[in-house]
Peer 1: 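Before I ask anything, here is the structure I am working with.
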Amino acid sequence: MSRSERKIDHIHYALSTGQSRRTGLDELQFVHRSLPGSSVTDLSLSTEIGGLQWSSPIFVNAMTGGGGQATAEINTQLAEVAAACDIPMAVGSQMAALRHPEESATFKAARKANPNGLMLANIGSEATVDEAKAVCDMIEADYLQIHLNVIQELAMPEGDRDFKGALERIAAICEQVGVPVIVKETGFGIGFETAKQLNELPLAAIDTAGFGGTNFAAVENERSERPLSFFNSWGIPTAVSIVETSSGAPDQTVIASGGLQNAEDVVKSLVLGASAAGLSGFLLNILLTGGQEALVDHIQQIKTDMKMMMCALGAKSITDLHHSPLIIGGQTEQWLRVRGLK
Ligand code: FNR
């Protein structure tokens, strides 16, 4: 199978295996306030990540790139939507485009479609400093995302089996790449121990990318003749992962992602301590089934609904949300209690 066929295959499997909605966010409840002292017209969705200002905390998180015409079109369409909604966008892994320079055109086209917006380059933790610089140059990136994807690699018959030296490579990239660096998971969640290791680095943020949304173990296992099905339910649910990351890396900014679909998911993630929230699979699904207009509508709706919820909670800013109370039940509460994180 060619690389471009594999990318399309990924998209189809990612969409058909769907999102499990096991993020744990439905086990959280806001505490209503009858005298919030707030007004919908007097609150701000803006947030700051790595010294740059975002007009709202939501963004299109890394998905596809490289490959053939179909993935190129998806990237350009996502970039146009990001520009229309004034939200940042991360492109998918650019590693293949370094090895096959003809593929860089699809990434450059995405930047062209979103010339003034914030764009995040994306590469794996196997990258060298020079590779990191090259992917940033390719899209004139405002940030670099470095993804951690141990489980997907292990689940892929042709995937990596050696994950030594990643932390040291990330540290070297942070020092030399020249743009703020975000380390992200890919749907299995950053835990306390990993966050503690990352806390030592000069990062712009850690993106938790928890379990409960797109599941790349399930995606790879669907395609594999020898599926590693024990990885299908492996991972740290999104709600828990935000708390684990905030506790393990108290000096870092936290970005929430993994199965986020709507404003309620986003606001709960922010109350748990995140400063921004990335959405991937759910947005891709809307784009491919409803088109760009439907996707713009959905993103604008999230922003409008966020303001309604912030008003009801008496929060004028994303920082205020961090101080809102939240009732935590079910397995999320149990997990946090067992880990001593409550
Ligand atoms: C991804 N994701 C991803 N992440 C990354 O860092 N580099 C990549 O190239 C890709 N590629 C990719 C392709 C497709 C089709 C999807 C759906 C996702 C992972 C993504 O950024 C995110 O971490 C997970 O999908 C979990 O978030 P959602 O999808 O549950 O919102």
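Numbering of ligands and ligand atoms starts at 1, following listing order. On a predicted model such as this, the values are computed, not experimentally measured, just so you know.
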Peer 1: Under the salt bridge (charged side-chain N to carboxylate O under 4.0 Å, His left out) criterion, do Glu27 and Lys268 qualify, and how do the steps go?
Peer 2: CA-CA 10 Å; Glu27 294 176 330; Lys268 283 178 176 173; over 6 Å; no
Peer 1: Write out the residue and atom name of the closest protein heavy atom to atom 2 (N) of ligand 1, then the distance separating them to 0.1 Å.
Peer 2: Ala62 O, 3.2 Å
Peer 1: Please classify the Asn122 to ligand 1 contact at 4.0 Å (heavy-atom distances, strictly less than): side chain, backbone, both or neither.
Peer 2: side chain
Peer 1: Locate the shortest heavy-atom distance separating Val179 from Tyr143; write the atom from each residue and the value.
Peer 2: CG2-C, 3.9 Å
Peer 1: Verify salt bridge (charged side-chain N to carboxylate O under 4.0 Å, His left out) between Arg339 and Glu193, making sure each step is shown before the conclusion.
Peer 2: CA-CA 11 Å; Arg339 296 275 281 164; Glu193 292 75 10; 2.9 Å; yes
Peer 1: With heavy atoms under 4.0 Å as the rule, classify the contact between Ala209 and ligand 1 as side chain, backbone, both or neither.
Peer 2: side chain
Peer 1: Transitively linked via ILVMFWY side-chain contacts under 4.5 Å: Leu78 with Ile182?
Peer 2: no
Peer 1: Could you pull out the closest heavy-atom pair between Pro57 and Ser275, with the gap in Å?
Peer 2: CB-O, 3.7 Å
Peer 1: Is any N or O atom of Thr214, backbone or side chain, closer than 3.5 Å to an N or O atom of ligand 1?
Peer 2: yes
Peer 1: Among protein heavy atoms, which lies nearest atom 26 (C) of ligand 1, and at what distance?
Peer 2: Gly258 CA, 4.0 Å
Peer 1: For Gly259 and ligand 1, does the shortest N/O to N/O distance drop below 3.5 Å?
Peer 2: yes
Peer 1: Please determine whether ring-ring contact (aromatic ring centres under 6.0 Å, His included) holds for the pair Phe59 and Trp54, giving the CA-CA distance in whole Å, both sets of side-chain angles, and the decisive distance to 0.1 Å.
Peer 2: CA-CA 9 Å; Phe59 71 104; Trp54 298 12; 5.3 Å; yes
Peer 1: Applying salt bridge (charged side-chain N to carboxylate O under 4.0 Å, His left out) to Arg111 and Asp142, what does each step give before you reach the verdict?
Peer 2: CA-CA 11 Å; Arg111 169 46 99 185; Asp142 301 285; 3.0 Å; yes
Peer 1: Contact between ligand 1 and Ser257 is defined here as a heavy atom of the residue under 4.0 Å from a ligand atom; is it met?
Peer 2: no
Peer 1: Which residue holds the protein heavy atom closest to atom 11 (N) of ligand 1, what is that atom called, and what is the gap in Å?
Peer 2: Met63 O, 3.4 Å
Peer 1: Going by heavy atoms, is Gln19 under 4.0 Å from ligand 1?
Peer 2: yes
Peer 1: Show which atoms of ligand 1 fall inside a sub-4.0 Å distance from at least one heavy-atom site of Gly213.
Peer 2: 30 (O)
Peer 1: Check whether Val129 and Leu98 end up in the same hydrophobic cluster, where Ile, Leu, Val, Met, Phe, Trp and Tyr are linked by side-chain heavy atoms less than 4.5 Å apart.
Peer 2: yes
Peer 1: Glu185 heavy atoms, cut-off 4.0 Å: which ligand 1 atoms fall inside?
Peer 2: 23 (O)
Peer 1: Which atom pair, heavy atoms only, marks the closest approach of Thr76 to Ala109?
Peer 2: OG1-CB, 3.9 Å
Peer 1: Any salt bridge linking Lys307 with Asp42? Criterion: basic side-chain nitrogen under 4.0 Å from a carboxylate oxygen.
Peer 2: no
Peer 1: What heavy-atom pair brings Arg169 and Ala127 nearest, and what distance separates the two atoms?
Peer 2: CD-O, 3.6 Å
Peer 1: What residue and atom, counting heavy atoms only, is the protein's closest point to atom 31 (O) of ligand 1, and at what distance?
Peer 2: Ser280 N, 3.1 Å
Peer 1: Using a 3.5 Å cut-off on N or O atoms only, is Phe216 in polar contact with ligand 1?
Peer 2: no
Peer 1: Can you list the ligand 1 atoms lying under 4.0 Å from a non-hydrogen atom of Ser93?
Peer 2: 7 (N), 8 (C), 9 (O)
Peer 1: Going by heavy atoms, is Gln261 under 4.0 Å from ligand 1?
Peer 2: no
Peer 1: Thr186 heavy atoms, cut-off 4.0 Å: which ligand 1 atoms fall inside?
Peer 2: 4 (N), 6 (O), 23 (O)
Peer 1: Do Asn232 and Asn221 have side-chain N/O donor and acceptor atoms under 3.5 Å apart?
Peer 2: yes
Peer 1: Just need the protein heavy atom nearest to atom 23 (O) of ligand 1, so name the residue and atom and give the distance.
Peer 2: Lys184 NZ, 3.1 Å
Peer 1: Below a 4.0 angstrom heavy-atom separation, can you tell me which part of Phe282, side chain or backbone, both or neither, approaches ligand 1?
Peer 2: neither
Peer 1: Check ligand 1 against Gly281 and write out every atom of the ligand that is under 4.0 Å from a heavy-atom position of the residue.
Peer 2: 28 (P), 29 (O), 31 (O)
